[in-house]
Amino acid sequence: MSTGSNDIKFIDVVKALESIEATTQRTVMAKLLSSLLKKTPPNVIDKVIYFILGQLRPDWEGVELGVAEKLTFRAIANATGAPIKQIEDLYKRLGDVGETARRIMSSKPQQGGGKSILEFFGGGGGEELTMGKVYDTLMSIARASGEGAQDTKVKLLTYLFSRAKPEEAKYIARFVIGRLRLGVADMTILDALSDAYKVPREALERAYHIYPDLGYIAKMVAQEGQNALAKIHVTPGVPIQPMLAERLSTSTEILAKLGGVAMVEYKYDGERAQIHKTRDGEIRIFSRRLENITHAYPDVAEYVKEAIDAKEYIVEGEIVAIDPDTGEFRPFQELMHRKRKHDIKEAMKEYPVNIFLFDIMYIDGQDLTNLPLIDRKRKLLEVLKPSEYVHLATWRIINDAEELDKFFHEAISDGCEGVMCKSIKADSIYEMGARGWLWIKYKRDYRSELTDTLDLVVVGAFWGRGKRAGTYGALLIAAYDPKTDQFYTVSKVGSGFTDEDLVKLKQMLDPYRIPHKHPRVVSKMEPDVWFVPAVVLEIIGAEITLSPLHTCCMGAIRPGVGLAIRFPRFTGRYRTDKSPEQATTVDEILEMYKEQKKVKIEEGANP
Ligand code: ATP
């Protein structure tokens, strides 16, 4: 079946793919894959695997073909002489580029365009495609860059199509436009490898967690057998599979599960980042899905490089969008906006971020993943010099359910999603790729935007920083309680203000400035400046949450805990038509909270 001893005919791979495509059972799929792998010579097994996965290299290397449909049609037209219009029409009708290619190739004899291309590559006529040849040509397509790259890509692709049999063309066409549609997952490949090479599945999985490159692992196993896997180590520059958390909904259950005590950390609402510093000093940032996202966060790369004093490392944290003027967190969506921007310099300015580190997995030649969490944390503390942009995730050792709840609400009112409760027992290793009970998340599940706006009274302010220096960066706002005739704080709002608003607000508020808290104001927070309750603003938020920091409805739901607005934002409306006593009342806020909770219960969630 193989051509000589070191390649496999591409048609043999294609036949296997056709069978895989036809099956509806995962077990059959794994069997088919396994028999394909068995007959693949070891030195091209990686290429077969990458092809099946629809990629040229593991995702984290970020190798892109850069081939769109149009370019593919041009290559098919060149190779067959079929008019582009005919190809496009057929594609419109079929909706599958592979089937389009197959049919065009079947109905048209291959033409001269292909021949000159063959000469261009110095290839003799009539040779069958091999996996190696297909892969290498695809790799050359990916590497073509700069001026004339499109033409080079078309030429190379034309070469492939002019040599391909119709069935081969089908898979090549699908591959190049990124729609292979096989649905073979990494786990299925691991099953097939285990079956084909009689290597225990756990050993393969361990290797995959440490070095998520199935082509590489397959080649090692195919060439050297199971023992080769022991040579796979955690390597800066190569992402490891992230450790995942289980979830529970009460603090009592969580502590019971973790043996009565836990390291509880703020659960930041941002993007998970695995940050590597390689031997040659390069910083690489990988996402939760192990994609290389360094290009989106050059600032984070710089911040971390500054903050950690070591030659090589792997650390993990959460990148969070920050309001630079108030230091408050911005919603997670802001990171998405940042990533959508093409001009990264502008994006960095518009959507500044901070990083909150929570783990360290490798440092200067030492794999730390098998150390208990406390030791890893110690290491992190040792090497990290926190800065304005790089912080250690806020954490506390907790052994009391009430304290855990309090910390949870603190995290929420600080703009976090909840907390991560982590085991600190002797076996609390960094469990790569596993969702286990060593980490338990305790979070708010719902974030429905409040449907109603609130009219709230400004009772204090915090000085702005950066762009907002000299004005107020955030305002302390309160709801009114007619029963006591007092104002109870419900939020600190720093979003939604334009530059003009900031100027206007200062002018509006300064006449009400007083050196101490107004007696009708009930607050646990200490702003920089206090005001007589006078100015009413319209505010919208994501939801009403429990908070130990605010006094609105203190104790109404839980002892020692009040209500707050999460992600509050000024809508732009100054309610000069309202007196402070006409502001939203604390009872209304309590109702809104209960209503929201009822909806959540109806929606089947843990309130
Ligand atoms: P999962 O990652 O568990 O599959 P998910 O992607 O939906 O689920 P969450 O359910 O929100 O994410 O919970 C886990 C995520 O929380 C982590 O992947 C990480 O991005 C984030 N996170 C924030 N703070 C921490 C922290 N202190 N420790 C660990 N993870 C944290």
Side-chain angles (χ1 to χ4, degrees), residues 185-187 209 212 239-249 254 257-258 262-275 285-291 293 296-297 300 304 314-322 329-336 339 353-361 368-369 372-374 376-381 384 386 390-398 404 407-424 428-447 542-543 545 566-567 605-606:
D186 288 6
M187 292 302 127
H209 288 156
I240 59 175
Q241 296 284 355
M243 176 164 180
L244 303 173
E246 278 289 352
R247 71 166 68 216
L248 282 173
S249 49
I254 292 173
K257 196 83 189 175
L258 295 174
M263 180 183 291
V264 186
E265 288 174 346
Y266 271 20
K267 184 178 188 305
Y268 299 90
D269 192 6
E271 173 157 24
R272 189 169 185 161
Q274 200 183 102
I275 305 172
I285 307 178
F286 299 103
S287 69
R288 158 91 167 73
R289 297 179 53 194
L290 307 187
E291 283 155 346
I293 49 169
Y297 298 111
V300 174
V304 173
I314 305 176
V315 292
E316 197 169 39
E318 192 88 352
I319 297 174
V320 185
I322 290 277
F329 297 153
R330 282 175 166 176
F332 162 77
Q333 286 77 2
E334 304 248 332
L335 293 180
M336 300 302 106
K339 286 174 117 176
V353 297
N354 277 192
I355 174 132
F356 293 82
L357 296 175
F358 53 76
D359 220 318
I360 182 162
M361 295 87 102
L368 307 177
T369 56
L373 177 58
I374 290 279
R376 300 202 304 277
K377 195 66 127 196
R378 197 173 290 132
K379 203 75 194 168
L380 186 55
L381 279 162
L384 176 70
V390 184
H391 317 267
L392 192 68
T394 301
W395 64 285
R396 204 178 280 172
I397 302 289
I398 291 179
L404 175 47
F407 192 58
F408 169 79
H409 293 304
E410 243 170 74
I412 301 258
S413 46
D414 275 349
C416 291
E417 275 188 309
V419 289
M420 295 292 280
C421 308
K422 302 181 176 178
S423 166
I424 52 169
S428 58
I429 59 165
Y430 188 93
E431 247 187 328
M432 283 172 270
R435 188 181 299 282
W437 290 101
L438 291 176
W439 286 10
I440 303 174
K441 53 193 177 195
Y442 183 25
K443 65 172 184 174
R444 304 287 330 219
D445 275 325
Y446 286 79
R447 245 169 301 151
E543 64 172 355
T545 61
R566 189 162 133 86
F567 292 135
N606 293 319

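Whatever order the structure lists ligands and atoms in, that order sets their numbers, starting from 1. The analysis underlying the following values was restricted to heavy atoms, covering all of them including side chains, and did not include hydrogens, waters or symmetry mates.
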*Asks:* Nearest heavy-atom pair of I398 and F407: which atoms, and what distance?
*Replies:*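 Result for this residue pair: CD1-CB, 3.8 Å.
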*Asks:* Kindly assign one of parallel, tilted or perpendicular to the pair Y268 and F329, based on the angle between their ring planes and the thresholds 30° and 60°.
*Replies:*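 Rings of Y268 and F329: perpendicular, over 60°.
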*Asks:* Against heavy atoms of E417, which atoms of ligand 1 measure under 4.0 Å?
*Replies:*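 Atoms satisfying the 4.0 Å criterion: 11 (O).
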*Asks:* Got the closest protein heavy atom to atom 24 (N) of ligand 1, with its distance?
*Replies:*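 Residue, atom and distance for the closest contact: Y268 N, 3.1 Å.
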*Asks:* Could you tell me which non-hydrogen atom of P239 sits nearest to which non-hydrogen atom of L290, and how far apart they are?
*Replies:*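 For P239 and L290, the tightest heavy-atom pair comes out as CB-CD2, 3.8 Å.
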*Asks:* Is it the side chain (CB and beyond), the backbone, both or neither of K267 that lies under 4.0 Å from ligand 1, heavy atoms counted?
*Replies:*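 Answer for K267: both.
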*Asks:* If you have a sec, work out which protein heavy atom is nearest atom 19 (C) of ligand 1 and how many Å separate them, to one decimal?
*Replies:*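 Atom 19 (C) of ligand 1 sits closest to the protein heavy atom E318 OE1, 3.1 Å.
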*Asks:* Where is the nearest protein heavy atom to atom 12 (O) of ligand 1: which residue, which atom, and how far?
*Replies:*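 So the nearest neighbour among protein heavy atoms is K441 NZ, 4.2 Å.
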*Asks:* Can you name the nearest heavy-atom pair linking A273 to I285, along with the distance?
*Replies:*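 Of all heavy-atom pairs spanning A273 and I285, the closest is CB-CG2, 3.8 Å.
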*Asks:* Can you name the atoms of ligand 1, numbered from 1 with element, that are less than 4.0 Å from a heavy atom of Y266?
*Replies:*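 So the answer, numbered in order with elements, is 24 (N), 25 (C), 26 (C), 27 (N).
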*Asks:* For ligand 1, which atoms have a heavy atom of R435 less than 4.0 angstrom away?
*Replies:*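 So the answer, numbered in order with elements, is 1 (P), 3 (O), 4 (O).
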*Asks:* With a cut-off of 4.0 Å, which atoms of ligand 1 are near a heavy atom of K422?
*Replies:*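 Per the distance check, 26 (C), 28 (N), 29 (C).
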*Asks:* So which heavy atom in the protein is nearest atom 17 (C) of ligand 1, and how far is it from that ligand atom?
*Replies:*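 For this ligand atom, the closest protein heavy atom is R272 NH1, 3.5 Å.
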*Asks:* Tell me the protein heavy atom at minimum distance from atom 31 (C) of ligand 1, and give that distance in Å.
*Replies:*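 Atom 31 (C) of ligand 1 sits closest to the protein heavy atom F358 CE2, 3.7 Å.
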*Asks:* Does E271, backbone or side chain, put an N or O under 3.5 Å from an N or O of ligand 1?
*Replies:*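 Between E271 and ligand 1 (N or O atoms, distance only) the closest approach is not under 3.5 Å.
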*Asks:* Could you tell me which atoms of ligand 1, counted from 1 in the order shown, lie closer than 4.0 angstrom to a heavy atom of E265?
*Replies:*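 Contacts of ligand 1 toward E265, numbered from 1: 26 (C), 27 (N), 28 (N).
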*Asks:* Using a 4.0 Å cutoff against the non-hydrogen atoms of K443, which atoms of ligand 1 qualify?
*Replies:*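 Heavy-atom distances to K443 below 4.0 Å select 9 (P), 10 (O), 11 (O).
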*Asks:* Any sub-3.5 Å donor-acceptor pair from Y430's side-chain atoms to M243's backbone N or O?
*Replies:*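 The answer is yes, because a donor-acceptor pair under 3.5 Å joins these two groups.
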*Asks:* E246 and K257: salt bridge (Lys or Arg N to Asp or Glu O under 4.0 Å), yes or no, with the steps?
*Replies:* CA-CA 11 Å; E246 278 289 352; K257 196 83 189 175; over 6 Å; no
*Asks:* Please determine if E316 and R376 form a salt bridge, counting it only when a charged side-chain N lies under 4.0 Å from a carboxylate O.
*Replies:*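 Between R376 and E316 there is no salt bridge, as every charged N stays at least 4.0 Å from the carboxylate O atoms.
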*Asks:* Could you check whether the rings of F358 and W439 sit parallel, tilted or perpendicular, using 30° and 60° as the cut-offs?
*Replies:*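 Rings of F358 and W439: perpendicular, over 60°.
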*Asks:* Going by the atom numbers of ligand 1, which of them fall below 4.0 Å from some non-hydrogen atom of L244?
*Replies:*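 Counting from 1, the qualifying ligand atoms are 2 (O).
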*Asks:* To check your reading of the model: name the closest protein heavy atom to atom 2 (O) of ligand 1, its residue, and the distance in Å.
*Replies:*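 Among all protein heavy atoms, the one nearest atom 2 (O) of ligand 1 is R288 NE, 3.0 Å.
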*Asks:* Can you tell me if R566 uses its side chain to pair, donor with acceptor, with the backbone of C416 under 3.5 Å?
*Replies:*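 A pair under 3.5 Å: yes.
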*Asks:* Is any N or O atom of W439, backbone or side chain, closer than 3.5 Å to an N or O atom of ligand 1?
*Replies:*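 No.
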*Asks:* Show your working on side-chain hydrogen bond (donor to acceptor under 3.5 Å, both in side chains) between D414 and Y266 and close with a plain yes or no.
*Replies:* CA-CA 9 Å; D414 275 349; Y266 271 20; 2.8 Å; yes
